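First up is the structure itself, then whatever we jot down about it.
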Amino acid sequence: MALGEFDLIQKYFTRPTRQAVLGIGDDCALLQPTPGMQWAISSDMLVEGRHFLATVPPERLGHKALAVNLSDLAACGAKPVAFTLALALPRVDETFLAGLAQGLFALADTHGIELVGGDTTAGPLNLCITVFGDLPPGQALRRDGARPGDALWVSHPVGGGIGDARLALEAFRGRIALSGDDFEAVRRAMELPQPRVALGLGLRGVASAAIDLSDGLAGDLAHVLRRSGVGAVIDVHTLPVSPVLARQPLAVQRDCALAGGDDYELLFTAPANAEARVLAAAAAAGVAVRRIGWIDTGTGLRLQDSQGTAAGLAPLGFDHFTG
Ligand code: ADP
Ligand code: MG
């Protein structure tokens with residue numbers, strides 16, 4: 001490597017320590033848990049070609065690598081504290097590193113968290129972040145708490161919806177044509193997801209179960225249903241979609257919203273009588289939420305349209321883009 005490994009870490013990733021007892025530079029970082037709190041820990045790896053395209057600007061890649069991890073803390077209702085970064089780089093490209101660090105630290109600063117360690121090696125471009133958050137014992141939002149009768153909710157950007165990241169991916173693949181403005185809007189959704197940390201914190205003690213949307217709503221909901229031993233019905237006409245996605249054929253809208261992936265919104269359940277508290281938590285977090293269905297004793301996920309008739313399961317293969 002042109003710039004040595006340690007110089008690279010020093011130049012791009014080492015900043016003054018804030019809360020950590022010991023940050024970057026020793027064999028371990030040292031974190032002091034807040035008395036009485038539990039750690040919430042999660043790792044997510046981003047691999048070029050699989051989780052991001054080579055066309056992503058480095059600032060956005062830095063943002064997204066941390067955002068997808070913070071989204072996991074949000075889904076558990078944990079408060080972010082610190083993170084580590086394991087990085088494989090094919091070459092030392094200082095323009096790339098400067099951009100990556102800028103995007104990473106901008107989001108870190110938004111959440112008041114610090115980078116406390118990591119690993120750096122030569123190899124195919126790959127970023128693995130581990131986040132550390134904390135929460136009071138017994139208050140984590142989990143996947144196994146959904147109960148029959150609970151309402152099913154999804155968060156979404158104010159004035160926007162879910163499924164835009166998938167629409168962007170299909171546009172990048174050349175399977176769908178979008179105007180310049182529409183493409184930029186959905187590209188932002190794909191490359192600059194906003195982790196719903198404040199909403200997750202506000203849903204502690206309100207939501208009965210939660211998960212963040214990374215693989216697509218239907219698939220992620222299936223995890224909650226299985227872990228909770230319940231079923232669910234979704235009113236497909238209530239799924240929030242952005243103005244851009246709303247201009248696509250209905251089948252494309254449904255596929256993107258139900259099976260898109262990369263949304264990083266929160267999907268959660270709450271008792272029917274908790275609606276006012278859900279709306280208050282969303283308003284305080286500056287996020288929109290939509291009630292899209294309910295939990296029942298049935299099997300798996302069932303979809304129904306505005307007439308209440310079964311709409312079948314969405315074809316998860318995205319046939320609509322190729323046909
Ligand atoms: P070791 O050989 O003991 O595993 P390293 O030489 O790999 O340690 O790393 C030296 C220091 O730099 C350690 O404190 C490590 O946590 C930190 N570090 C290495 N890579 C990164 C990175 N990409 N981001 C942040 N800290 C890093
Ligand atoms: Mg060591």
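Remember, predicted model here, so these are calculated numbers, not experimental data.
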Does [X] reach the main-chain N or O of [Y] with its side chain, forming a donor-acceptor pair under 3.5 Å?
| X | Y | answer |
| --- | --- | --- |
| R204 | G77 | yes |
| E114 | Q19 | yes |
| D235 | H237 | no |
| T269 | A209 | yes |
| Q32 | L30 | no |

[X] to [Y] - nearest heavy-atom pair and separation:
| X | Y | value |
| --- | --- | --- |
| A210 | A75 | CB-O, 3.5 Å |
| P137 | G36 | CD-O, 3.0 Å |
| I113 | A82 | CB-N, 4.1 Å |
| A232 | L221 | CB-CD2, 4.1 Å |
| E191 | H63 | O-CD2, 4.1 Å |
| S208 | D150 | OG-OD2, 2.6 Å |

### Query
Apart from V81 itself, what residues make up its hydrophobic cluster, given side-chain heavy atom links below 4.5 Å?
L31, W39, I41, V116, F132
How many angstroms lie between [atom1] in [X] and [atom2] in [Y], if you round to the nearest 0.5 Å?
| X | Y | atom1 | atom2 | result |
| --- | --- | --- | --- | --- |
| I24 | L115 | CD1 | CG | 4.0 Å |
| D215 | D220 | CG | CG | 5.0 Å |
| L70 | H111 | CG | NE2 | 5.5 Å |
| D134 | T34 | CG | OG1 | 4.5 Å |
| D119 | T84 | CG | OG1 | 9.5 Å |
| L152 | F268 | CG | CZ | 9.0 Å |

#### Entry: Same apolar cluster: V197 and V289, side chain cutoff 4.5 Å
no
### Task
Could you state whether L66 and F96 fall into the same hydrophobic cluster, counting links through intermediate Ile, Leu, Val, Met, Phe, Trp or Tyr residues with side-chain heavy atoms under 4.5 angstrom apart?
yes
Taking side chain as C-beta onward, heavy atoms only, is [X] less than 4.5 Å from [Y]?
| X | Y | result |
| --- | --- | --- |
| M190 | F172 | yes |
| T130 | D44 | no |
| D296 | R302 | yes |
| V154 | P240 | yes |
| Q248 | L178 | yes |
| V244 | F183 | no |
| N69 | F83 | no |
| L301 | L303 | yes |

### Task
Report the C-alpha distance between D212 and D72 in whole Å, list the side-chain angles of each, state the deciding distance to 0.1 Å, and finish with yes or no for side-chain contact (heavy atoms from CB on, under 4.5 Å).
CA-CA 6 Å; D212 69 313; D72 284 317; 3.1 Å; yes
### Message
Using side-chain contact (heavy atoms from CB on, under 4.5 Å), reason through L258 and I234 one step at a time and then give a plain yes or no.
### Response
CA-CA 10 Å; L258 282 170; I234 288 180; 4.3 Å; yes
Would you say [atom1] of [X] has more than 12 non-hydrogen atoms from neighbouring residues, nucleotides or ligands within 6.0 angstrom?
| X | atom1 | value |
| --- | --- | --- |
| M37 | CE | yes |
| R142 | CZ | no |
| R188 | CZ | no |
| R50 | CZ | no |

### Message
Here's a test for you: under side chain to side chain contact (heavy atoms under 4.5 Å, CB included), which of V47, L46, L61 qualifies with L125?
### Response
L61
### Task
Scan L266, L203, I162, D263 and name whichever one has a side chain to side chain contact (heavy atoms under 4.5 Å, CB included) with S155.
L266
### Message
Please evaluate residues L104 and Y12 with respect to the criterion side-chain contact (heavy atoms from CB on, under 4.5 Å), reporting the C-alpha separation (whole Å), side-chain torsions for both, the decisive distance (0.1 Å), and the verdict.
### Response
CA-CA 11 Å; L104 186 76; Y12 293 105; over 6 Å; no
### Task
State which residue, out of R196, H156, R290, fulfils the side chain to side chain donor-acceptor pair (under 3.5 Å) condition with E265.
R196
Does a side-chain N-to-carboxylate-O contact under 4.0 Å join [X] and [Y]?
| X | Y | answer |
| --- | --- | --- |
| D93 | R91 | no |
| R187 | D182 | no |
| K64 | D262 | yes |
| D255 | R166 | no |

#### Entry: Aromatic F105 / basic R15 pairing, under 6.0 angstrom, 45° off normal
yes
### Task
Starting from the C-alpha separation in whole Å, work towards a yes-or-no answer on side-chain hydrogen bond (donor to acceptor under 3.5 Å, both in side chains) for S228 and D144.
CA-CA 4 Å; S228 299; D144 59 6; 5.8 Å; no
### Query
Going through the checks in order, is the side-chain contact (heavy atoms from CB on, under 4.5 Å) test met by V224 and I295?
CA-CA 10 Å; V224 173; I295 299 297; 5.7 Å; no
